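We're numbering straight along the sequence, starting at 1. Keep in mind it's a predicted model, so treat the numbers as computed, not measured. The analysis underlying the following values was restricted to heavy atoms, covering all of them including side chains, and did not include hydrogens, waters or symmetry mates.
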Amino acid sequence: RDGRYRLRIATDGSGTGLQVDDPGVYPLTVAIGRPDGTTGARLTTFLVRPPEDAAATPLRTAVILPLHAAPSYGPDGVAALDDRTRSLLEVRTDVLRRYRDLALTVVPTPETLEATDEVDQGLARQVRAVLADRHVVGGPYVRIDLAAWAAQSSLGADLDEQFDVGERVLERVLGRTVDRRTWAGFGNPTPAALDALADVGIDRAVVGADAVTGPVTPIDEPVVVTGDTGQELPAMLSDPALRAESQGTTDAVLAAYRTLAELAFLAASPEDG
C-alpha cells in the first residue's frame, strides 16, 4: 500500500534460486521495468554466501560511534545548540538506547557534551543514561589537528591540558570515569603525533588504515605504530572502505548489506579470492 516491495531471493544454488554455488560476495542489481520495456530506477546491493566450514568469528571488528558537533560556545562564552547538533545527539542517543546489546565504543567530544548539559539538561540526562554501561573514550576538550599541534614542541604542555580538561568535563557530565589511555580521535598519526600521545599517557590507539598503509592492501590485523623517538603504540586500524559503505547512503538496510559485503571481502583469505 505504501509502494514498497519485499523481495526474497534464495542463494543455495538450487533451480528455484540464484545459481550461487561457491562462497563469495555477489553484486546484485535490481531494476524496475516499465511497461514500454525501458528500465527505470536501479538498486545495487550484495549477496554474501559464506563457506559452510567458516569459523564462527573469522574477523573481529568493532564499531566506534562519535558524539561530535561543531563548537557550540560562541566568542562570548555562551553555549547554543543548533538544530543539527540537537538532532545528531537525539538520533544517536535513540540508537544507543534501542540497541543496548550491540558492543561498541563511544567517543564524545567534551565541548559538545558540556554545551549540551548547559543548554538542555534533559537531553544531557538521556546521553548520560545510554552511556552508563558503554565503553567511552576520552580525548582533548575540542577536536584538534594532532599532527599540526605535535609539530610545535612548545605546545606539549597545552596538549596535556586539553586532555585533562576533556577528561574532567566528561566525568562531570557523564558521572563516571572514561578511558584516558586510548586514542580514537581524528587526524594523521604522524611519528611526532604518536610521541605526543605517548607523552600524555596514551598507550593504544585507533588510527586510519589509509594513513598507515597508503595505497596497499588493507591490513586486517592489529599493528604497532612507532613515533619519532621509538615510542611504540599497539593500534587497531579503521578501514576507509567500511566507513564509506556505512555512510554512503541514507538507506540503513542498504548500508548494512554493503558493510557486510566489505567485511566478507576482508575476512576472506587470499586463497578464497
Measure the [atom1]-[atom2] distance between [X] and [Y] for me, rounded to the nearest 0.5 Å.
{"X": "I32", "Y": "R42", "atom1": "CD1", "atom2": "CZ", "answer": "10.5 Å"}
{"X": "T85", "Y": "D120", "atom1": "OG1", "atom2": "CG", "answer": "12.0 Å"}
{"X": "D195", "Y": "L197", "atom1": "CG", "atom2": "CG", "answer": "9.0 Å"}
{"X": "R143", "Y": "Q162", "atom1": "CZ", "atom2": "CD", "answer": "13.5 Å"}
{"X": "T229", "Y": "L194", "atom1": "OG1", "atom2": "CG", "answer": "9.5 Å"}

List the atom pairs, donor and acceptor, that lie under 3.5 Å between side-chain atoms in residues 124-131 and the rest of the protein, sequence neighbours left out.
unit_1	atom_1	unit_2	atom_2	d
Q126	OE1	R97	NH2	3.4
R128	NE	V173	O	2.6
R128	NH2	V173	O	3.1

**OP:** Run the numbers on L113 and L174 for side-chain contact (heavy atoms from CB on, under 4.5 Å), then give the verdict.
**Re:** CA-CA 9 Å; L113 293 196; L174 299 180; 4.0 Å; yes
Side-chain contact test, heavy atoms from C-beta onward, threshold under 4.5 Å: evaluate it for [X] versus [Y] and give yes or no.
{"X": "V137", "Y": "V178", "result": "no"}
{"X": "L237", "Y": "V223", "result": "yes"}
{"X": "L170", "Y": "T177", "result": "no"}
{"X": "E118", "Y": "Y73", "result": "yes"}
{"X": "T116", "Y": "L81", "result": "yes"}
{"X": "V165", "Y": "P110", "result": "no"}
{"X": "I64", "Y": "V206", "result": "yes"}
{"X": "I202", "Y": "L233", "result": "yes"}

Original post:
Ion pair present between R98 and D94, side-chain N to carboxylate O less than 4.0 angstrom?
Top reply: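 D94 and R98: salt-bridged.
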**OP:** Before accepting this row, confirm whether a basic side-chain N of the pair R172/E114 lies closer than 4.0 Å to the acidic partner's carboxylate O.
**Re:**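 Between E114 and R172 there is a salt bridge, with a charged N closer than 4.0 Å to a carboxylate O.
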Could you check whether atom [atom1] of [X] has more than 12 heavy atoms from other residues, nucleotides or ligands sitting under 6.0 Å from it?
{"X": "R100", "atom1": "CZ", "result": "yes"}
{"X": "Y99", "atom1": "OH", "result": "no"}
{"X": "D133", "atom1": "CG", "result": "yes"}
{"X": "D101", "atom1": "CG", "result": "no"}

**OP:** For the pair W183 and R204, evaluate side-chain contact (heavy atoms from CB on, under 4.5 Å) and give the outcome as yes or no after the intermediate values.
**Re:** CA-CA 6 Å; W183 169 256; R204 54 197 175 189; over 6 Å; no
Subject >> Exercise: identify the closest heavy-atom pair between A70 and H68 >> reply: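 Between these two residues, the closest heavy atoms are N-NE2, 4.4 Å.
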Original post:
So which heavy atom on R176 is nearest to which on A132, and how close?
Top reply: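 Looking at all heavy atoms of both residues, the shortest contact is NH1-O, 3.6 Å.
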Look at the side chain of [X] and the backbone N and O of [Y], then say whether any donor-acceptor pair between them is shorter than 3.5 Å.
{"X": "D228", "Y": "P191", "value": "no"}
{"X": "T109", "Y": "T112", "value": "no"}
{"X": "D179", "Y": "V136", "value": "no"}
{"X": "T93", "Y": "L89", "value": "yes"}
{"X": "T259", "Y": "A255", "value": "yes"}

Original post:
Considering residues at least two apart in sequence or located in another chain, which fulfil the salt bridge (charged side-chain N to carboxylate O under 4.0 Å, His left out) criterion with R34?
Top reply: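 Residues passing salt bridge (charged side-chain N to carboxylate O under 4.0 Å, His left out) with R34: none at all.
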Original post:
Of all residues at least two apart in sequence or in a different chain, which pass the salt bridge (charged side-chain N to carboxylate O under 4.0 Å, His left out) check with E262?
Top reply: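 E262 satisfies salt bridge (charged side-chain N to carboxylate O under 4.0 Å, His left out) with no residue once adjacent residues are dropped.
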Subject >> D203: side-chain hydrogen bond (donor to acceptor under 3.5 Å, both in side chains) partners, not counting sequence neighbours >> reply: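 D203 satisfies side-chain hydrogen bond (donor to acceptor under 3.5 Å, both in side chains) with R181 only.
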Original post:
What about L146 and V107, same hydrophobic cluster or not, with Ile/Leu/Val/Met/Phe/Trp/Tyr joined at side-chain heavy-atom distances under 4.5 Å?
Top reply: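 No, because L146 and V107 fall into different hydrophobic clusters, even though each may have its own neighbours under 4.5 Å.
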Original post:
Can you list the residues that meet the side-chain contact (heavy atoms from CB on, under 4.5 Å) rule with D145, with sequence neighbours excluded?
Top reply: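 For D145, the residues satisfying side-chain contact (heavy atoms from CB on, under 4.5 Å) (neighbours in sequence not counted) are A147, A148.
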Subject >> Which residues share a side-chain contact (heavy atoms from CB on, under 4.5 Å) with L104, sequence neighbours left out >> reply: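 side-chain contact (heavy atoms from CB on, under 4.5 Å) list for L104, sorted by chain: V63, L96, L102, V106, R134.
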**OP:** Kindly indicate, with the supporting measurements, whether the criterion side-chain contact (heavy atoms from CB on, under 4.5 Å) is fulfilled by L123 and E90.
**Re:** CA-CA 7 Å; L123 180 55; E90 290 174 346; 3.9 Å; yes
